[in-house]
Amino acid sequence: MAESEYSDVLIIGAGISGIGAAYRIHEKNPKLSYRVLERRARIGGTWDLHRYPGIRSDSDIFTLSYPFEPWTRPEYVADGPDIQAYLTETARKHGIDRHIRFNTRVMSADWDSATDTWTVQTEIAGGEPTTYRGRFLFFGSGYYNYDEPYVPDFPGINEFTGDVVHPQLWPESLDYTGKRVVVIGSGATAVSMIPSLSEKAAHVTMLQRSPSYLLSTPRINPAVQAFRRVLPRRAANAAILLFAKFLTVLVYGVARAAPRFSRRYIRSHAKSKLPADYPVDVHFNPRYDPWDQRLCVMVDDDFYEAIAAGGVDVVTDHIDHIDATGIVLRSGQRLDADVIVTATGIQLQALGGVALSIDGAEVKPQDRFVYKEHLLEDVPNAAWCVGYVNASWTLRADLTARAVAKLLAYMDSHGYTHAYPHLGDVPMPEKPAWNINAGYVQRALHALPKSGTRRPWNVRHNYVLDSIDHRFDRIEESMVFGRVDAKSTQTA
Ligand SMILES: Cc1cc2nc3c(=O)[nH]c(=O)nc-3n(C[C@H](O)[C@H](O)[C@H](O)COP(=O)(O)OP(=O)(O)OC[C@H]3O[C@@H](n4cnc5c(N)ncnc54)[C@H](O)[C@@H]3O)c2cc1C
């Protein structure tokens with residue numbers, strides 16, 4: 001059997017998190033070797049996988065791109081293929097692409113405390129399974145199952161004679177020109193896809209069980225253009241990033257602090273953009289407050305414009321069953337369709353589905369508390385990079401990558417070969433790690449690691465507090481460090 005390759009750091013995934021981690025770890029620890037293991041054939045993760053019409057970011061691209069590689073194009077929200085190209089170019093520019101093994105899916109990782117190393121088993125598309133060894137494991141594996149999106153069991157769906165597609169598995173060959181399309185769901189994916197679908201389809205219906213909040217953002221933000229006109233390039237990039245962060249925090253903060261004001265604002269905006277007799281309160285006035293669930297973003301009011309142009313309908317109702325030619329609703333109404341798009345969401349998955357063990361004993365992520373939002377209780381030398389639900393993923397992913405880079409430098413300078421957070425016997429009340437009432441979160445809370453209620457075990461999705469914490473971080477807090485030869489440990 002071939003000898004397994006060793007790297008100081010093994011990074012799983014070549015999406016935003018994995019590429020960002022490679023950059024930050026190498027920046028602070030240039031002597032450490034690293035390898036990126038990626039199950040797909042290309043860089044990009046989410047932005048490579050999703051190919052549906054209209055795929056774009058719904059948070060601004062300036063906070064979704066890396067602070068070390070500013071977004072230079074004009075748009076404020078970016079199209080999926082442009083994000084994929086940006087990630088590919090970033091990896092190439094910084095030599096990260098040379099460290100990636102593509103088509104390499106990590107199946108399991110076992111920690112050996114006799115040698116302080118991880119042994120990682122992979123499956124190679126069309127090749128022999130390979131083993132990698134490493135000192136530190138960085139999970140940039142995202143947060144959902146790539147193979148199986150979430151599709152509820154709609155009665156009769158197998159009777160339907162048209163095409164049924166899920167956005168996550170969009171067939172490039174699908175031709176919906178001149179067809180009647182029904183999109184089931186009203187989340188970010190449906191809202192970004194529908195204006196685009198309506199350009200070619202005969203008609204598009206968005207079928208939702210209950211309304212969502214829609215906010216509009218300009219594709220080209222005049223403030224960004226103004227910064228670029230008056231400031232030198234580097235200063236403009238810094239100012240734009242600060243502006244985008246400020247706007248993110250402001251919109252979320254206002255929504256939470258003044259929900260009635262936010263509701264009124266969103267509703268009156270809908271009224272002003274939709275036809276005079278449009279039933280805004282039926283389709284766009286949710287029962288919950290803004291940001292109890294994720295807010296959906298339109299670009300330049302494109303969704304409302306598509307409705308006003310007559311190409312798109314919204315129906316708020318429940319599915320009774322599906323038959324050969326369409327969907328029968330509980331109200332008795334039917335929606336005839338040639339194509340049904342099940343924009344019904346993702347399935348959360350911890351650690352890229354990798355089976356984790358320590359000295360052969362299984363580790364269940366859901367049994368462990370999360371430490372400083374990226375390490376797992378009593379799991380040595382491993383981090384899972386998870387972004388925010390209420391702000392751009394990269395704001396958190398970059399904090400995580402920098403925290404891991406710092407931890408590695410600290411371990412190196414002290415000669416430590418392992419480090420893990422330890423709660424011990426301290427009682428720690430639990431709260432949901434993802435405190436948002438979205439279907440995909442509620443369905444999978446049991447599969448996610450636990451959040452405590454006090455730092456450093458508190459997952460709070462708060463960029464402002466996290467960045468302050470990061471600046472004043474005490475690396476030793478609640479950590480156990482040690483080295484393999486001496487087997488001596490130091491608990492802080
Ligand atoms: C449709 C959609 C739109 C989104 N829009 C936004 C947005 O506008 N703003 C925002 O902030 N967030 C958004 N998100 C969240 C989004 O996933 C993040 O923005 C970000 O792309 C996550 O990056 P990641 O690298 O952590 O994970 P991913 O992009 O999911 O990448 C994970 C990578 O790890 C690889 N991988 C996983 N498991 C394994 C394994 N076992 N072995 C080897 N490789 C593995 C995958 O192949 C993939 O390449 C969106 C998500 C979806 C699904």
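Please read these numbers as outputs of a predicted model, since none were measured by experiment. Indexing begins at 1, ligand by ligand and atom by atom, following the structure's order.
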Do the charged groups of [X] and [Y] touch, with an N to O distance under 4.0 Å?
X: D116; Y: R135; value: no
X: E75; Y: R56; value: no
X: D300; Y: K273; value: no
X: D147; Y: R105; value: yes

Item to check | From CA spacing to verdict: salt bridge (charged side-chain N to carboxylate O under 4.0 Å, His left out), D338, R180 | outcome: CA-CA 5 Å; D338 306 305; R180 295 160 302 173; 2.9 Å; yes

Just need the protein heavy atom nearest to [atom], so name the residue and atom and give the distance.
atom: atom 27 (O) of ligand 1; answer: G142 CA, 3.1 Å
atom: atom 4 (C) of ligand 1; answer: W47 CH2, 3.7 Å
atom: atom 44 (N) of ligand 1; answer: R39 N, 3.2 Å
atom: atom 49 (O) of ligand 1; answer: E38 OE1, 2.6 Å
atom: atom 37 (C) of ligand 1; answer: S141 O, 3.4 Å
atom: atom 9 (N) of ligand 1; answer: S59 OG, 2.7 Å
atom: atom 34 (O) of ligand 1; answer: G13 CA, 3.2 Å
atom: atom 7 (C) of ligand 1; answer: D58 OD1, 3.1 Å

Checklist entry - With sequence neighbours left out, what residues match R455 under salt bridge (Lys or Arg N to Asp or Glu O under 4.0 Å)? => result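 R455: salt bridge (Lys or Arg N to Asp or Glu O under 4.0 Å) contacts with D469, E477.
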
Heavy-atom contacts with [X] under 4.0 Å: which atoms of ligand 1 show up? List them by number with element.
X: S57; result: 8 (O)
X: G45; result: 29 (O), 31 (O), 48 (C), 49 (O)
X: L37; result: 43 (C), 44 (N)
X: R40; result: 47 (O)
X: R105; result: 42 (N), 43 (C)
X: S392; result: 11 (O)
X: V354; result: 41 (N)

Measure from the side-chain N and O atoms of [X] to the backbone N and O of [Y], and report whether any donor-acceptor pair falls under 3.5 Å.
X: W384; Y: G142; result: yes
X: R263; Y: A255; result: no
X: H166; Y: Q168; result: yes

Backbone, side chain, both or neither: what part of [X] comes under 4.0 angstrom of ligand 1, heavy atoms only?
X: T104; result: backbone
X: V106; result: both
X: H50; result: side chain
X: L64; result: side chain
X: Y388; result: neither

Out of [options], whose heavy atom is nearest to [atom]?
atom: atom 16 (C) of ligand 1; options: T46, I16, T394, D48; result: T46
atom: atom 19 (O) of ligand 1; options: Y52, W384, W393; result: W393
atom: atom 38 (N) of ligand 1; options: G140, G352, G18, G20; result: G352
atom: atom 24 (P) of ligand 1; options: G15, S17, A109; result: S17
atom: atom 30 (O) of ligand 1; options: Y143, Y146, F102; result: Y146

Checklist entry - Is G353 in contact with ligand 1, taking contact as a heavy-atom separation below 4.0 Å? => result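 G353 does not count as a contact of ligand 1 under the 4.0 Å cut-off.
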
Next on the checklist: I'd like to know whether ligand 1 has F139 as a neighbour, heavy-atom separation below 4.0 Å.
Outcome noted: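 Per 4.0 Å heavy-atom rule, F139 does not contact ligand 1.
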
Item to check | D302 side, atom CG; I194 side, atom CD1 - distance, nearest 0.5 Å | outcome: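 Here the rounded value is 10.5 Å.
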
Item to check | Nearest non-hydrogen partners of M298 and V191, listed with the distance | outcome: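 Smallest heavy-atom distance, with atoms named: CG-CG1, 4.2 Å.
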
Item to check | Member of W47, Y143, Y388 meeting the ring-ring contact (aromatic ring centres under 6.0 Å, His included) criterion with W393 | outcome: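 Checked W47, Y143, Y388 against W393; only one passes ring-ring contact (aromatic ring centres under 6.0 Å, His included): Y143.
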
Close aromatic pair by centroid cut-off 6.0 Å: [X] and [Y]:
X: Y288; Y: Y213; answer: yes
X: Y304; Y: F284; answer: yes
X: Y23; Y: F68; answer: yes

Checklist entry - With side chains defined as the heavy atoms from C-beta onward, is the minimum distance between R101 and E5 less than 4.5 Å? => result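 Yes, close enough: below the 4.5 Å cut-off.
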
